[in-house]
Amino acid sequence: MSNRKFSSKLVDGPHQAASRSMLRGVGLTDEDFKKPLVGIASMGAQVTPCNMHINGLADIVNKSLVKENLKGMLFNTITVSDGISMGTTGMKYSLVSREVIADSIETVVGCLGYDGVITIGGCDKNMPGAIIALARLNRPGIFIYGGSIRPSEQNTDYVTVCEKTGEFAKGSISEEELIAIEKISVKGPGSCGGMYTANTMASAIEAMGMSLPGSSSQDALSDDKKYDCEKAANAIKNLIEMDLKPRDIMTKEAFENAITTVIALGGSTNAVLHLIAMAKAASVELSLDDFSRIGANVPVIADIKPFGKHYMSELNQRGGIQPLMKLLLDKGMLHGDCLTVTGKTLSQNLHAVDKQDQQPLIRSFDNPIKSSSHLRILYGNLAPEGAVAKITGAEGTKFKGKARVFNSEEEGNAAILNKTIEAGDVVVIRYEGPKGGPGMREMLKPTSAIMGQGLGDKVAFITDGRFSGGTHGFVVGHISPEAEDGGPIALIEDGDSIEIDAESNTINILIDEITMKQRKDNWIRPNKEEPTGVLAKYKKLVTSASLGATTD
């Protein structure tokens, strides 16, 4: 009975005959009512390569649960595609989908009394959405990552296509050459193959202990990924028997392990936004400053795209992130006593892992790509509540230039593609924050266009929006307060001098306080069409990016 803490309330006793009758209608038997019920939240859909295979993985999980004397209850939730919607108004729904996913999983499981939950996702927002739901529900749960896509035979991927668009705009390649790259670069299924947001968040979740060892790096189409799904059945059975719940695993120390691993891997700026949101759902205090504190002592050692040379599939061939984590643990950078979904501690999971030589993908601590974090939390008169920069040092660590100001991504992208951006400019795209968008769009198209035009080390890019994990260059996002709230970014004018320093971790507009106050007093929010439906709800509820852009 203790193993059926939630389902017993729905199916036990004569007064629950009506509930059992409905469940018999979907195929449950007398024997099934004696088993723990396990919800399987599949984010499978044909709308994106990241998720097109996930219903098949869910079927493997479902069949494996039968062998463990558990009853699987399969349901679906949504997914959207950042890659498809990038640079369009559709991208406003991307971050919103994280909340919809979390809400829908919580709703189904909370309503139907499942004793455990296995979630399976691929695209970027699937993962934090699933973990937020598991933390809210706080009943035994596991996340399974759908896995990475492999690069093309020409070593290209989705981000390659984005950057080639910039080369086309510059005139370096023809339209025929661009289309040729487009046709070969994404052969699904699987999530984008670099250390972009999907692989970043999958790695963070594995490091946190909420997925089985190896889950984050496996190829989508592999026997390893099928075995990952099969093993989840026994793991969830063990968690239910132990009554080991997500909040027992998702401690402050576990989040610190996730941050450390993300930094070592050179992960996406979106990790900052999502980990803060996940921590809030787990009632863990986590702030921007935790990233600075941890990042001061953690080097970037993974030579993985977007700024490196290699793909996640190559790292998987060399053991995935487990050998890297063993290196970090032995250096005293991870908390080894944190519990995981295996029922064991992180140290126990890593005990038998071979610290194999993963070079050149993983460098030694004596020869890092960067000696401290590439994720820089900046403060200053442009970001009194903080901003998040992704600076590897390849484009330098300081930048001072003149502002080129745009009130939407479309305006900024058009200016870049029309070759009006020059060396020394600081491109400012604003009113794209959580409320201002609404939805905090990613800026991969304009940043990729900058890289494609050869300006990656010659211009800076700042926004109250955010960046794709595929973005690289001298970029600063999540500027808070955002323009929609009258934050300082709303007060920038063309030609203003802006100074960004990733060593002192500052970002400032070089005007005096009197001028700043005059601009603030005269500021008028631009007129634009107010959103309706889910975007309107999101705009009303969402918090600042510095607080994770949460809605609960």
Side-chain angles (χ1 to χ4, degrees), residues 194-196 199-209 213-214 216-217 252-269 271-272 275 289-338 340 345-377 388-398 469 472 502-505:
M195 192 49 62
Y196 313 142
N199 281 326
T200 295
M201 294 314 302
S203 298
I205 291 167
E206 181 177 334
M208 189 185 299
S216 69
S217 64
K252 179 64 177 280
E253 291 75 19
F255 277 98
E256 292 181 346
N257 286 345
I259 293 170
T260 296
T261 304
V262 165
I263 292 170
L265 286 167
S268 166
T269 53
V272 179
L275 285 169
D289 294 336
D290 287 308
F291 288 82
S292 294
R293 172 178 57 83
I294 296 168
N297 301 308
V298 179
V300 180
I301 55 177
D303 188 11
I304 301 177
K305 289 178 179 288
F307 54 79
K309 300 184 181 74
H310 304 279
Y311 289 97
M312 195 66 161
S313 57
E314 297 174 75
L315 185 64
N316 184 55
Q317 292 170 3
R318 297 171 183 247
I321 71 167
Q322 292 283 297
L324 167 66
M325 290 175 64
K326 184 67 176 293
L327 288 172
L328 293 169
L329 180 68
D330 289 350
K331 283 283 187 179
M333 294 181 177
L334 295 180
H335 302 284
D337 56 350
C338 290
T340 73
T345 65
L346 183 67
S347 290
Q348 289 171 327
N349 288 346
L350 294 174
H351 176 71
V353 171
D354 179 16
K355 289 189 298 185
Q356 58 188 280
D357 181 12
Q358 293 188 307
Q359 292 192 38
L361 279 77
I362 303 297
R363 293 194 188 180
S364 70
F365 286 92
D366 297 328
N367 182 35
I369 292 169
K370 193 171 186 295
S371 61
S372 60
S373 179
H374 63 302
L375 299 177
R376 314 302 292 189
I377 307 302
V388 181
K390 183 179 185 180
I391 298 173
T392 65
E395 292 83 22
T397 57
K398 297 181 180 181
H472 55 130
E503 294 177 11
S504 62
N505 295 327

Problem set entry | Any F291 side-chain heavy atom under 4.5 Å of S373 side chain | no
Exercise. Do T261 and E206 have side chains that get closer than 4.5 Å, going by heavy atoms?
Worked result: no
Problem set entry | Side chain proximity check, I369 to D303, heavy atoms < 4.5 angstrom | yes
Exercise. If you measure from CD1 on I294 to OG on S372, what distance do you get to the nearest 0.5 Å?
Worked result: 13.5 Å
Seminar exercise, completed: With E314 as partner, the option from Q317, R318, H310 fulfilling side chain to side chain donor-acceptor pair (under 3.5 Å) is H310
For this session: Over all heavy atoms of both residues, which pair between G396 and I391 is shortest? Give the atoms and the distance, please.
Result: O-CG2, 3.3 Å
Exercise. Do P360 and K309 come within less than 4.5 Å of each other through their side chains, counting heavy atoms only?
Worked result: no
Exercise answer: donor-acceptor pairs, residues 330-337 side-chain atoms, under 3.5 Å, sequence neighbours excluded:
{"residue": "D330", "atom": "OD2", "partner": "K355", "partner atom": "NZ", "Å": "2.7"}
{"residue": "H335", "atom": "NE2", "partner": "E256", "partner atom": "OE1", "Å": "2.6"}

Exercise. Considering all heavy atoms of both residues, which atom of Q359 and which atom of D357 are nearest to each other, and what is their separation?
Worked result: N-OD1, 3.0 Å
Exercise. Could you walk me through whether V262 and L375 pass the side chain to side chain contact (heavy atoms under 4.5 Å, CB included) check?
Worked result: CA-CA 9 Å; V262 165; L375 299 177; 4.1 Å; yes
Exercise. For the atom pair OG (S292) and CD1 (I377), what is the distance rounded to the nearest 0.5 Å?
Worked result: 5.0 Å
Problem set entry | Check: R376 and T397 side chains under 4.5 Å, non-hydrogen atoms | no
Exercise. Heavy atoms, side chains only, cut-off 4.5 Å: are C338 and N257 in contact?
Worked result: yes
Exercise. Does the side chain to side chain contact (heavy atoms under 4.5 Å, CB included) test come out yes or no for Q322 and L350, once each step is laid out?
Worked result: CA-CA 7 Å; Q322 292 283 297; L350 294 174; 3.2 Å; yes
Exercise. Is any side-chain heavy atom of R363 closer than 4.5 Å to a side-chain heavy atom of P368?
Worked result: no
Problem set entry | Heavy-atom side-chain contact between T340 and T345 under 4.5 Å | no
For this session: Start with the C-alpha distance between L315 and L324, add both sets of side-chain angles, then the distance that settles side chain to side chain contact (heavy atoms under 4.5 Å, CB included), and finish with yes or no.
Result: CA-CA 10 Å; L315 185 64; L324 167 66; 5.9 Å; no
Problem set entry | Step-by-step side chain to side chain contact (heavy atoms under 4.5 Å, CB included) determination, V300 to T392 | CA-CA 8 Å; V300 180; T392 65; over 6 Å; no
Seminar exercise, completed: L275 and A258 have their tightest heavy-atom pair at CD2-CB, 4.1 Å
For this session: Taking H374 for its side chain and G267 for its backbone only, find out whether a donor-acceptor pair lies under 3.5 Å.
Result: yes
For this session: Report the distance from atom CE of M312 to atom OH of Y196, rounding to the nearest 0.5 Å.
Result: 12.0 Å
